[in-house]
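What you see below is based on every heavy atom in this structure, not just the backbone, and it leaves out hydrogens, waters and symmetry mates.
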Amino acid sequence: MTLVELYNERHGDNKYEVVAAIVNGRLRELSKEVNPEDEVEFINLSTPIGFDLYKRSLILLMLKAAKDVLGKMEGDYRIEVMYSLGNGFFCKLMDTDIELTEELLSEIRDRMKELVEQDLPIEKNSCSTFDMKDEFLSRDLPGKAKLLKYRKSSRINIYSLDGYRDYYYGYMVPSTGYLSKFDLVSYDDGFIVVIPLKSTGELPEKDPETGTYTFPNKLYSVLRKTEDWGHRLGVGYVGDINDAIVNGGVSNMILVQEALMEKQIADIAKEIIDGDKKLVLIAGPSSSGKTTFSNRLSIQLMAYGVHPHPIAMDNFFKERSETPVDENGDFDFECLEAVDLNLLETTMSKLLEGEEVQMPTFDFTVGKKVFDGSTLKLGKNDVIVMEGIHALNPESTRTLPKDSCYKIYISALTQLNLDEHNRISTTDTRLLRRIVRDARTRGHSATKTIKMWPSVRRGEEKYIFPFQEEADTMFNSAIIYELPAIKTFAEPLLYGVPEDSDEYYEANRLLKFLGYFLGIDVQNVPQNSLMREFIGGGCFKV
């Protein structure tokens, strides 16, 4: 029987609760047949695998509904899934005179609900790569056509829903009945496909005052700026960057990308100086390039005649005996309560008032702060540059004068997409960065880094992402050429993950993902590039 039939036999009343299964250690769609001796573990929406599968299927549902509604209107159109924004995906109608009104969006939403109620099958078929490339070109989907241009396989899997065919990176749910949780809302010049929360499986709550969903507006403005960078470089999809590599244009792309990034850092430095800020606070998720960014920002500040003093918030940890423990009894170094806030705020207040202060250094081997006689006193042209997981949390600076502080959120917000309907997860980019860096600097295997990643992500979602909108500015550390650059370093590490390990699925998924990219020689990557923090060979100590 199929996995769907097996689950329905055991749990018929709740047949839509699971979206996939692990069979003998391998991820399988629910339409897959299973044998009596197979070992089966069903996957629901609360898991990263199930959550990604649901989101991907929801995009197919939206595109099919939009085709049914917009296809009846005069004029051509193309829908692009641009980027993740809060609890949803921002999408746009491209190359069309069709106005996306609230009424039209409501029609698409209603059509999606009809398709869910009909519980139509989502079918997978093997098709000729060459034929599908031509079909996507005829449908004005050049990103998909270019992506398939560089696929080695002569055949690919195509998903179809009631006659609508598309190519996707990853598996799908077996039918539309599984996709009952969603919403469509207009946003700026596009719309957002609202997705359920992974933690509850329900849609996020709306703001009680406005009656609408809340989205990170500052993050959105940074993503739009990054989109503009991609247009300047002539790169929007993976196929574009592969074309540039083949045609010898990648060296120029590296130079332009680095120049754009350096200009943005210089602009941030000028804003700090013009605002007479004395305390710069930097936070961001793992593998965002915070260390290199801090160094490059310090250099720009020095170019303006300002002397930066880098301080790590980690030096203000509480003594080990006072460190809180988590639900497993392990020390919780990521929670705000692990920081000696009283000492942090007292030290910063005295520095801002011009006093000379003894500075602590945390000795992680013994779990205590050490005062070795090092002192600091801020001069007229001095600035503190502090990096830490809680740097944007208002509780960290609640007693400090706000007009003296400047908060920066940094993250790798990938501007490159696989094609018009398959976006690249910023989480995947950061995980690949960390796998390569941990292997180089800590001797960690890819297996160990992948195993630790869910814990890292939980800390980010709890302590960093909720405060990103507190930032005065956001810096996007994504580099348009980084995946072709990191491919050479990451692939051997990922191939080293044992097939019988729990981390094998994730390693294999990342290998498949990297297979869409052509690799590049990294000798032209500048020594001060953020990429050097991960691949090595940089001029900063990281």
Side-chain angles (χ1 to χ4, degrees), residues 83 143 146-147 149-150 222-223 225-269 284 287-300 303 410-418 424 426 428-437 440 474-492 513-542:
Y83 23 73
K146 281 188 180 182
L147 187 72
K149 173 183 174 183
Y150 294 97
V222 173
L223 290 166
K225 182 185 291 184
T226 305
E227 181 189 340
D228 180 57
W229 282 16
H231 290 317
R232 291 192 212 178
L233 293 165
V235 175
Y237 313 113
V238 170
D240 296 327
I241 198 167
N242 285 340
D243 279 352
I245 293 169
V246 169
N247 298 325
V250 73
S251 296
N252 188 60
M253 183 184 299
I254 291 173
L255 293 172
V256 175
Q257 165 75 89
E258 295 294 339
L260 287 167
M261 191 166 279
E262 191 65 31
K263 183 181 184 304
Q264 188 180 3
I265 297 173
D267 289 343
I268 292 173
S287 304
S288 293
K290 294 183 291 292
T291 304
T292 300
F293 170 77
S294 298
N295 278 292
R296 288 175 65 171
L297 178 61
S298 294
I299 289 172
Q300 287 293 341
I410 174 174
S411 187
L413 306 168
T414 310
Q415 66 264 47
L416 195 68
N417 280 345
L418 286 176
I424 292 176
T426 59
D428 284 351
T429 303
R430 291 192 294 109
L431 175 55
L432 287 165
R433 285 179 171 188
R434 180 147 180 170
I435 287 170
V436 171
R437 185 185 62 189
R440 181 177 61 83
M474 292 187 176
F475 180 80
N476 188 356
S477 67
I479 301 170
I480 206 159
Y481 64 83
E482 72 176 279
L483 289 167
I486 216 164
K487 173 186 172 85
T488 307
F489 300 89
E491 283 184 334
F513 169 60
L514 288 173
Y516 289 105
F517 296 85
L518 300 179
I520 63 171
D521 188 340
V522 299
Q523 65 176 352
N524 291 328
V525 176
Q527 285 190 318
N528 70 338
S529 172
L530 276 155
M531 275 308 302
R532 291 295 180 184
E533 183 170 329
F534 308 100
I535 64 176
C539 58
F540 300 121
K541 184 179 180 181
V542 294

I'd like to know if the side chain of R430 and the backbone of A412 have a donor-acceptor N/O pair within less than 3.5 Å. no

Going by an N to O cut-off under 4.0 Å, is there a salt bridge joining R433 and E482? yes

Would a 4.5 Å heavy-atom cut-off, applied to side chains only, mark V238 and I424 as touching? yes

Rounded to the nearest 0.5 Å, how far apart are CG of L432 and CZ of F534? 11.0 Å

If you apply the rule side-chain contact (heavy atoms from CB on, under 4.5 Å), what do you find for K263 with D267, and how did you get there? CA-CA 6 Å; K263 183 181 184 304; D267 289 343; 3.2 Å; yes

Find the distance between CD (Q264) and CE (M474) and round it off to the nearest 0.5 Å. 12.0 Å

How long is the span from the CD atom in E262 to the OG atom in S529, to the nearest 0.5 Å? 10.0 Å

With E533 as reference, evaluate R437, R440, R434 under the salt bridge (charged side-chain N to carboxylate O under 4.0 Å, His left out) test and give the passing residue. R437

Decide side-chain contact (heavy atoms from CB on, under 4.5 Å) for T291 and F540; before the verdict, give the C-alpha distance in whole Å, the side-chain angles of both, and the deciding distance to 0.1 Å. CA-CA 9 Å; T291 304; F540 300 121; 5.9 Å; no

Can you name the residues that form a ring pair (Phe, Tyr, Trp, His ring centres under 6.0 Å) with Y83, not counting sequence neighbours? F90

Interatomic spacing from CG in L260 to CD1 in I479 - rounded to 0.5 Å: 12.0 Å

P492 and F489: which non-hydrogen atoms are nearest, and at how many Å? CD-O, 3.6 Å

Drop me the distance from N476's CG to T414's OG1, to the nearest 0.5 angstrom. 7.5 Å

Does the K487 side chain pair with the main chain of L514, one donor and one acceptor, at a distance under 3.5 Å? yes

Check: I410 main-chain N/O paired with K290 side-chain donor or acceptor under 3.5 Å: no

As a quick check of understanding, evaluate side-chain contact (heavy atoms from CB on, under 4.5 Å) for I241 and M253, giving each step before the final call. CA-CA 9 Å; I241 198 167; M253 183 184 299; 3.9 Å; yes

Report yes or no: does N242 contribute a side-chain atom to a donor-acceptor pair with the main-chain N or O of Y516 at less than 3.5 Å? yes

Over all heavy atoms of both residues, which pair between I520 and I245 is shortest? Give the atoms and the distance, please. CG2-CD1, 3.4 Å

Using modelled atom types and a 3.5 Å cut-off, is there a donor and acceptor pairing between side-chain atoms of Q257 and backbone atoms of I480? yes

Report the C-alpha distance between D243 and Y150 in whole Å, list the side-chain angles of each, state the deciding distance to 0.1 Å, and finish with yes or no for side-chain hydrogen bond (donor to acceptor under 3.5 Å, both in side chains). CA-CA 9 Å; D243 279 352; Y150 294 97; 2.4 Å; yes

Would you say L483 and F513 make side-chain contact, with heavy atoms under 4.5 Å? yes

Return the minimal non-hydrogen interatomic distance between E258 and P526, and the atom names on each side. CG-CG, 3.8 Å

Looking at residues at least two apart in the chain, or sitting in another chain, which of them share a ring pair (Phe, Tyr, Trp, His ring centres under 6.0 Å) with F475? F293

Assess the residue pair I535 and R532 against the criterion (side-chain contact (heavy atoms from CB on, under 4.5 Å)); give the C-alpha distance rounded to whole Å, side-chain angles, the decisive distance to 0.1 Å, and a yes or no. CA-CA 5 Å; I535 64 176; R532 291 295 180 184; 3.9 Å; yes

Nearest 0.5 Å please: distance from the OG1 atom of T292 over to the CE atom of M531. 10.5 Å

Tested for side-chain contact (heavy atoms from CB on, under 4.5 Å) against S477, the lone hit among L530, L413, T429 is L530

